[in-house]
Amino acid sequence: MTASLCRLDNQWTPDGDENGQLELTLTNLGGAALSGFRLVYTALTRNLDRSMVRNATLVRRNANYHEYEPPQGLVLQPGESWTFVVRALTRKPSHITDGVSTAYLILSDGTSHDIETGDLMLKGHVAKRPPVLVPEGRLEEPVGIIPWPGVTDLDGFGEAPIALFPAPGSPVQAIAAMNEVGALARRLFPNAISVFALTGVAGGLSVQFSTSDDLPSEGYRLDFAEDGVRLASGGAAGLSYALTTLAQMHHAAYAQPETFRFPKSGLISDAPRYEWRGCHLDVSRQVYSLQSVRRFIDILAWNKMNVLHWHLSDDEGWRLEIKALPELTRTGARRGPGEKMTAQLGSGARPSEGFYTQDEVRELIQDAARLHVGIMPEFDIPGHCTAVLAAYPHLIDPEESVGNYHSVQGYENNALNPAMDETYDLLEKVFREVADLFPFPFIHVGGDEVADGSWLGSPKARELMKSRHLSGTPELQAHLLKKVQAILSGFGKKLAGWDEVSHGGGVEPDGALLMAWQKPEIGLDLARMGYDVVMTPGQAYYLDMAQAHEWLEPGLTWAGVVPPQHCYEYEAAGDFPAELADRLKGVQGCIWSENLVSRQRFNHMVFPRLGAIAEAAWTPMPRKNWQRFCAQSRLMPEL
Ligand code: ACM
């Protein structure tokens, strides 16, 4: 590790203009004077107006990337600081994470060097500390299971067996499933004793397997007795979930024997509330190693969640190898100095790069399937396509005016043009390979946050509007998405998307699945329009939202704050009338990664809220209990 050449501090004060002002101070920590340099930082709170900067010049901004020049002739001697003030901000910061994320210097010789930075501090006010987010909790029954089962009728508890093993004559599928769940437990808790053994063990407990047509395919029943456990399951998933329940109780009883026990008699009867129990993971804003994604899938399986919604593309990066379109990853998976895409949140002077090869993904899909987790890929179109357009600029209408629209994240002209044949040519190539690779029945095509006014400066789009009588951006978007739906259908796939897919006339509802993210009421609107719905409202299920109002708690707030208790207690089914209830396919958490710049930050934001969503997806409402969940949630694995 090399010593940081400089340090960039940032402070915000509500004084001054509408959104207050940001004060940045660069301190020279090196042994030599600095001059002729530029300062780069990335920050979610952007500078709106280059004329509103005091004591520096903003020479370039690209979304969250800001590049400044110090006043002419500035020489920063060792130990000296230079302060400048940004007075026109896109938003009012409310948390430590709303300021500088990464920073680097471009020296006069053109080389770039990361520098240290810190949280956004409040100037002139004492920042508030967050409250306790997850209390100790209180158990009603001394067993550790998340999500909590539909029925527990347990009337005797004792020490956990040394290990559980299959009764003699058990079917090979059951033994293999036991091995699979045992391997999952060992990966998640490498220091815990093995839950399962395949041969009889002194001090162990046998498991007698059966199948039952009376149980749903994901359902199971466990009957406990001194001489063994009887396990009945409806299908392969139910069998796996039954074993996961046994493994969780065994783990809890060994991890905290003073609190958790293992059942000696009684029963557990269980099946999920919803068929869709998902979590989305944005691997575009930050690059996640394959190993981390694999562990995340393990965590989903441990929570009995069954869908990874894998957000593989966004403005900040394209993360899947497409063999017919190598530039998507050669250019679109890299950002940093000297690259076509600039640094963004979480990346600095060193190029940030990374994508998954199709071979890697194929193996991941197989591993996930053994854990009953399906992987739905998302390629976010037509908006959020800066990386695609950087890779293939011929997709841009050459006569389109530059900078006539900006996404909410500050990207300029970032949407695939519905009037360009090249758009459909690219999408057909992408989806051909994606459909071949992913067995999941849906491909998610995004459809969110296309900026107002998109394409209106494109003569080609204007022509299309005229010839097809399309009135504006939403109808242009619907025109594109309908064509995409037909492309997907040709490859045997159904379309999934964010709620804006319904705008401008939408796509054909039959077979389409939309995710209500902007607010809960939208879920109901979508169902009324005939779409199947997964509820992912930001106000309850966005795990990038801050967990408390206090300044020192990290996270975003556009959807308010989402304390773990609210995440747990929120009921997606709330407003769905009986006649629309079967349109509600389930619930899903969303992990957007702008602020998730370290594993520790990821864990702080995601857990235990992920388990709260898992329980909302699985456990019947009257069986939910916040205090019980809290007492159990500390046993759950983190990334
Ligand atoms: C979204 O959060 N833009 C779906």
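Everything quoted here is computed from the prediction, not taken from an experiment. All ligand and atom numbering here is 1-based and tracks the order in the structure. Residue numbers run from 1 in the order of the sequence given.
- Close contacts between ligand 1 and Tyr542 involve ligand atoms 1 (C), 2 (O), 4 (C) [criterion: under 4.0 Å to a heavy atom].
- For Glu18, the CD atom is loosely surrounded, since the number of other residues' heavy atoms within 6.0 Å does not exceed 12.
- Considering Phe438, Phe379, Trp498 as possible partners of His444, the one that fulfils the ring pair (Phe, Tyr, Trp, His ring centres under 6.0 Å) test is Trp498.
- Using a 4.0 Å cut-off to heavy atoms of Trp592, the atoms of ligand 1 that qualify are 1 (C), 2 (O), 4 (C).
- Checked against the 6.0 Å centroid criterion, the rings of Phe491 and Phe431 do not qualify as a close aromatic pair.
- Of the N or O atoms in Trp517, none lie within a sub-3.5 Å distance of an N or O in ligand 1.
- Looking at atom 3 (N) of ligand 1, its nearest protein heavy atom turns out to be Asp448 OD2, 2.6 Å.
- Interface atoms of ligand 1 facing Glu449, defined by a heavy-atom separation under 4.0 Å, are 3 (N).
- No more than 12 heavy atoms of other residues, nucleotides or ligands lie within 6.0 Å of CG in Asp452, so this atom counts as exposed by the packing criterion.
- The environment of Arg468 atom CZ is sparse: at most 12 non-hydrogen atoms of other residues, nucleotides or ligands sit within 6.0 angstrom.
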